[in-house]
Amino acid sequence: MLLDKFASMARTRAELEAAGLRPFGAVTESLISATEAIVEGRPVILAGTNNYLGLSYDPRCIAAAQEAAARWGTGTTGSRMANGTFAEHLALEAELAELYGVPQAMVFTTGFAATQGLCATLAGPGDVILLDADSHASIYSGAQLSGAEVIRFKHSDPADLEKRLRRLGARTADTLIVVEGIYSMLGDTAPLAEIAALKREYGGWLMVDEAHSLGVLGEQGRGAAAAAGVADAVDFFVGTFSKSLGAIGGFCASPHAALEAVRFSTRAYIFTASASPSVIASARAALAIMRTEPELQRRLWTNAEQLHAGLRELGLAVGPQPGPVVAVTLDDRETALAAWQRLLEAGVYVNLVVPPASPTGASLLRCSVSAAHSEAQLERIIAAFDACVVPCATAP
Amino acid sequence: MPDYQICVDYILSVLEPRNRGTRPLGEDTDLVADIGLSSLQVMELIEKLEDHFDISIPLNILPDITTVGDLAARLRNLDG
């Protein structure tokens, strides 16, 4: 029967409901600031929102969105290919192209559409997509849709990537290498200098998804490739407005003039309505702030170091380096569920990640840090982990 | 590309520690139904095969693979 395959998921959902747990889809009932909200009836510090620069609640971004809504209306009601290309969309594309120092950029309605759509379109039957094993679901989904041969390499392992490039031989000319700047679940940064060197040596086309590194790394927040000094090796910069820019949408910037032809070949771009002008306007305002206020990125990293050091000193299993994502690994799913709930009750919202969404098979209490977090808020987050997680966590 | 029987033998050597049944593993062993491999464990098996035979195995072939024999047959036909 068609729906039988969902029975297991339905049972899991029912068990969580019966236990009074809602870790997946917890309801934010009201927002107090970029870092505080009422979630599931409780006032909490938001430590799992990817709002890295805290710009979702910046008055300048809100004003830009309000003005655009008043001027352009609430939605475009059409595709970019039809009536949905407004001056706001073109202005943002020009600003993104300028940010990356390339001639063209294109804007998508969501980040998922950008990565899925481009992977599905850039490569086709007879081509190869060589992707990092820990790639985002949108990349896997696009690769699957592409009809290309899909080969994965071990996560952030240049030696393994090199083996696969060597095996491909002349086929590297038809190979799209896909990596992320910062990986979303564990917050680790890709070894882009080594990856770019391999691309130069063996050939291939390099796509870097800067979803979690835009605004977080590099001068003016350009991202991980710029921070590694290898932006000139990147063929396709992709990313999202839904993290550092506090809005929603996706983009691709490329030095290749063919991007304009790709634009008119990408289903995820053509067969969907374009982003609302208010969303684009707030993304533009946030982009300008990101580029001109480097203190936001500095504060983000100061905060990341405070949270990483605090959780590590508690003996929790965090990653080796601080970063905007600080994930605590717990071996057992039930332990993670219970710890997530206790954290919420103690006034801290984090993300719960369980297999198969987690990259290692373990469960994660995933924190994301914001420039808008105060030192006192970070201390409260650390104290909550001490009270709620340390008693049930095993030593790293 | 590796010979079919060599592939079967190597796959069985990797999987044998996971054999919790009374029957020996063979070409007809179902990777999920008989051994209970999770998707993560399937990928670990694929990585071992890739390293051992110095090949890259496309993810595209996985939906068509049920048994040890299916996997070995597909490895034999890979380009490189």
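Per chain, numbering begins at 1; letters A, B, ... match sequence-line order. From a predicted model like this one, the values you see are computed outputs, not experimental measurements.
Counting heavy atoms of neighbouring residues, nucleotides and ligands inside a 6.0 Å radius, atom CD of B:Glu16 exceeds 12 of them. Counted within 6.0 Å of CZ on A:Arg267, heavy atoms from surrounding residues, nucleotides or ligands total 12 or fewer; the atom is thus considered open. Atom CD of B:Glu47 has more than 12 heavy atoms from other residues, nucleotides or ligands within 6.0 Å. Open room surrounds CG on B:Asp28; 12 or fewer heavy atoms of other groups in view lie less than 6.0 Å from it. More than 12 heavy atoms of other residues, nucleotides or ligands sit less than 6.0 Å from atom CZ of A:Arg166.
Neither the backbone nor the side chain of A:Phe153 comes within contact range of chain B, judged by heavy atoms closer than 4.5 Å. Interface residue A:Ala148: only backbone heavy atoms are found under 4.5 Å from chain B. Proximity to chain A involves both the backbone and the side chain of B:Leu59, based on heavy atoms less than 4.5 angstrom apart.
Here NZ of A:Lys154 is found 3.5 Å from CG of B:Asp51. Values are rounded to the nearest 0.5 Å. To the nearest 0.5 Å, atoms OG (B:Ser56) and CG (A:Asp160) are separated by 7.5 Å. With rounding to the nearest 0.5 Å, the separation of CD1 in A:Ile151 from CD1 in B:Ile55 is 10.0 Å. The CG atom of B:Asn60 sits 7.5 Å away from atom OG of A:Ser146, with the distance rounded to the nearest 0.5 Å.
Checked for salt-bridge contact, A:Lys163 and B:Asp54 miss the test: no charged N lies under 4.0 Å from a carboxylate O.
Heavy atoms only, all atoms of each residue included: A:Arg164 and B:Glu50 are closest at NH2-OE1, 2.6 Å.
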